[in-house]
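Here's the structure we're looking at; comments come further down.
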Amino acid sequence: MKIAFVSSEVVPFSKTGGLADVSGALPKYLAALGHKVAVFTPLYRQVRDKFKLVKSKQTVSVPVGAETVTGEIWKGAFPGTKVPVYFIGNDTYFDRDGLYGDAKGDYEDNLSRFVFFSRAVLEALKALKFKPDVIHSNDWQSGLVPIYCKVVYNDDPFISQAANVYTVHNLAYQGLFWHWDLPLVNIGWEHFNYRELEFFGKINFMKGGVVFADMVTTVSATYAKEIQSDEELGAGLQGVLTERAENLRGILNGIDYADWDPATDNFLTAKYSVGKLGGKAECKAALQKESGLAEKPRTALVAMITRLVDQKGLDLVAAIIDEMMKEDLQLVVLGTGLEKYHVLLTEMAQKYPRKCALFLKFDNALAHRIEAGADMFLMPSRYEPCGLNQMYSLKYGTVPVVRATGGLADTVTDATPETIRAGTANGFSFVPYEGSALLETLRRALAAYCDESKWSKLVATGMQQDWSWARSAAEYEKVYEETTAEKRANGTPSAVSELRA
Ligand code: ADP
């Protein structure tokens with residue numbers, strides 16, 4: 001298959017969040033499956049200055065409102081591969097410090113910037129003679145792509161024959177804009193209604209993507225269900241997502257074992273693997289030392305590595321900290337984020353200096369050392385579209401203790417007598433968003449920790465599981481096949497065609 005992958009951020013070129021990690025990994029794995037993949041992303045200043053790219057002879061011209069805007073096409077590739085990455089350049093829009101904004105907030109012309117980008121990508125496909133079977137767009141920044149395919153390029157088989165797959169990575173950011181800017185989008189007011197682009201009086205790019213795409217995906221099966229049923233998690237789009245239920249899939253992100261594997265991780269004091277866990281004990285001793293905690297090999301070392309934001313369940317930890325500290329455990333927290341959590345955690349660490357260590361910073365090497373040195377990893381998230389840390393923890397033999405939501409529910413199997421017997425248990429989980437539930441679960445985990453044979457079975461199960469991108473890419477491949485087949489058979493299965501029928 002020929003796959004055009006459209007994303008506003010792609011590792012290693014640009015990144016603000018998880019979207020960049022997915023965009024930097026999935027295309028490479030799709031290419032490894034034998035597909036012809038081309039990635040399209042903006043030429044930000046930081047990319048132009050840092051990476052060696054080749055400027056193509058072709059340019060594209062697209063309308064943004066009444067103006068015709070020209071874009072350059074630059075070509076690069078993922079390092080060490082031949083998978084092409086095409087950068088759409090326009091200095092007025094992308095020669096800036098930030099991707100979407102600066103310290104003052106979002107750029108005021110974000111609507112125009114991503115109108116331009118989305119249309120320019122479609123024109124670039126034609127200029128490059130890359131006729132895709134699938135156009136895979138992501139998050140609000142390329143939410144307009146499926147709309148343009150259906151509304152503007154409907155009579156252009158080069159574009160309209162492609163199946164549109166659209167992935168929601170984060171429903172919290174939908175790309176909302178003032179309705180009077182619709183003329184800049186260059187689609188008619190007839191599309192500004194509650195079934196299509198309109199959202200409480202505003203233009204909603206993500207809603208457009210969800211409504212117009214042939215297939216919608218999100219980053220875990222449980223999150224796919226939650227965003228249809230839960231008002232908070234659906235963020236106002238639950239009705240639209242429910243309408244797309246038949247064409248909505250959850251595909252878990254993968255993790256990159258090239259970076260996260262204790263057998264090859266150069267950040268660690270000692271390397272280890274499932275059959276040879278001696279190195280993990282060394283990593284634990286080293287982490288206790290680095291954290292200023294007593295070097296006690298049989299005291300459970302519990303870790304958190306997280307953005308310090310409301311999503312991550314830190315209020316639950318705060319609620320039970322006094323009870324928690326009565327247990328035979330040590331706690332290490334690495335994170336940065338909201339000031340209120342910096343204060344809260346600092347108070348906690350000051351109150352329990354011998355049992356609680358705190359690192360208020362972003363430090364990737366330390367994150368690796370913590371994953372390796374800890375016995376348990378705590379993720380009591382309020383919601384978690386996918387979550388990566390619990391998958392790293394499983395690979396590092398660090399047993400996750402999580403709230404069963406989103407991707408956490410899909411990756412962590414609670415240790416019950418049945419799951420232990422079946423050999424599927426790999427961690428501990430709870431459902432109610434309550435401190436008491438977290439405490440009870442943590443106590444279950446601590447009890448299991450004291451039973452060495454039970455614990456080593458849990459550790460081994462997690463370490464042997466496959467959370468790789470290869471597995472996720474195979475699932476995307478299936479979705480592409482299904483969507484292209486359905487499109488060939490029935491034309492366009494988007495909600496809009498049903499609406500119009
Ligand atoms: P989210 O995307 O919501 O932040 P994930 O678990 O999906 O949560 O991914 C978080 C990623 O960021 C992980 O790779 C984690 O190790 C890393 N991370 C978060 N905070 C820090 C920090 N303070 N220092 C180092 N790495 C961090």
Side-chain angles (χ1 to χ4, degrees), residues 7 9 11-12 15-26 138-139 167-173 218-220 222-223 226-227 233 235 250-262 265 267-268 287 290-291 303-314 317 331-339 341-342 344-346 349 357-374 376-396 398 400-412 427 429 467-469 472:
S7 175
E9 46 187 278
V11 160
K15 171 165 175 168
T16 70
L19 167 63
D21 293 314
V22 177
S23 309
L26 177 58
N138 296 277
D139 272 355
T167 300
V168 173
H169 298 260
N170 196 339
L171 260 189
Y173 305 94
T218 186
V219 291
S220 71
T222 296
Y223 189 63
E226 288 170 340
I227 56 179
L233 302 194
I251 301 178
L252 209 63
N253 290 336
I255 60 172
D256 202 338
Y257 288 139
D259 291 336
W260 292 91
D261 180 349
D265 190 334
F267 290 120
L268 308 189
L287 178 61
E290 180 174 6
S291 310
M304 288 186 87
I305 303 170
T306 181
R307 291 184 293 122
L308 299 176
V309 293
D310 294 339
Q311 177 196 337
K312 300 294 182 180
L314 295 149
V317 178
L331 177 66
V332 178
V333 182
L334 167 63
T336 56
L338 299 179
E339 181 62 22
Y341 291 120
H342 284 221
L344 189 130
L345 290 169
T346 304
L358 178 62
F359 299 93
L360 290 175
K361 58 177 176 175
F362 192 98
D363 184 337
N364 182 48
L366 179 56
H368 283 249
R369 295 196 294 274
I370 291 177
E371 282 289 4
M376 296 176 200
F377 197 92
L378 212 53
M379 268 179 105
S381 303
R382 191 178 277 279
Y383 70 94
E384 198 65 69
C386 175
L388 294 173
N389 271 311
Q390 82 279 14
M391 291 191 269
Y392 300 151
S393 299
L394 289 167
K395 185 71 182 170
Y396 280 67
T398 303
V401 178
V402 307
R403 177 152 179 270
T405 178
L408 296 173
D410 295 346
T411 47
V412 177
S429 65
W467 304 109
S468 66
W469 267 112
S472 306

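Whatever order the structure lists ligands and atoms in, that order sets their numbers, starting from 1. Bear in mind that the values here come from a model prediction, so they are computed numbers and not experimental data.
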Can you confirm, on distance only, whether ligand 1 has an N/O atom lying under 3.5 Å from any N/O atom belonging to [X]?
X: Trp260; value: no
X: Met379; value: no
X: Asn364; value: no

Stepwise side-chain contact (heavy atoms from CB on, under 4.5 Å) check, Ile370 with Thr398: CA-CA 9 Å; Ile370 291 177; Thr398 303; over 6 Å; no

Evaluation steps, side-chain contact (heavy atoms from CB on, under 4.5 Å), between Thr405 and Arg382: CA-CA 7 Å; Thr405 178; Arg382 191 178 277 279; over 6 Å; no

Stepwise side-chain contact (heavy atoms from CB on, under 4.5 Å) test for Ile255 and Tyr392: CA-CA 7 Å; Ile255 60 172; Tyr392 300 151; 3.6 Å; yes

Whether Tyr396 and Trp260 hold their rings parallel, tilted or perpendicular, with breakpoints at 30° and 60°: perpendicular

Name the closest protein heavy atom to [atom], giving the residue it belongs to and the distance to 0.1 Å.
atom: atom 14 (O) of ligand 1; result: Tyr392 CE1, 3.2 Å
atom: atom 8 (O) of ligand 1; result: Lys312 NZ, 3.2 Å
atom: atom 27 (C) of ligand 1; result: Phe362 CE1, 3.3 Å
atom: atom 20 (N) of ligand 1; result: Thr306 C, 3.6 Å
atom: atom 6 (O) of ligand 1; result: Leu388 N, 3.1 Å
atom: atom 4 (O) of ligand 1; result: Arg307 NE, 2.7 Å
atom: atom 23 (N) of ligand 1; result: Lys361 O, 2.8 Å

Proximal atoms of ligand 1 relative to Leu334 (non-hydrogen, under 4.0 Å): 22 (C), 23 (N), 24 (N), 25 (C)

Can a non-hydrogen atom of [X] be found less than 4.0 Å from any atom of ligand 1?
X: Phe359; result: no
X: Gln390; result: no
X: Glu384; result: yes
X: Cys386; result: no
X: Gly387; result: yes

Derivation and outcome, side-chain contact (heavy atoms from CB on, under 4.5 Å), residues Trp467 and Tyr257: CA-CA 9 Å; Trp467 304 109; Tyr257 288 139; 3.5 Å; yes

Least distance between heavy atoms, [X] atom then [Y] atom:
X: Thr16; Y: Glu9; answer: N-OE1, 2.5 Å
X: Ala25; Y: Trp469; answer: CB-NE1, 3.3 Å
X: Ala235; Y: Leu171; answer: CB-O, 3.9 Å
X: Leu252; Y: Ser472; answer: O-OG, 2.8 Å
X: Met391; Y: Cys386; answer: CE-SG, 3.7 Å

Identity of the nearest option to atom 25 (C) of ligand 1, non-hydrogen atoms only, from Asn389, Leu360, Asp259, Asp363: Asp363

Contact bool for atom 12 (O) of ligand 1 (protein heavy atom, d < 4.0 Å): no

Pair Ser7-Asn138, side-chain hydrogen bond (donor to acceptor under 3.5 Å, both in side chains): steps then yes or no: CA-CA 6 Å; Ser7 175; Asn138 296 277; 4.8 Å; no

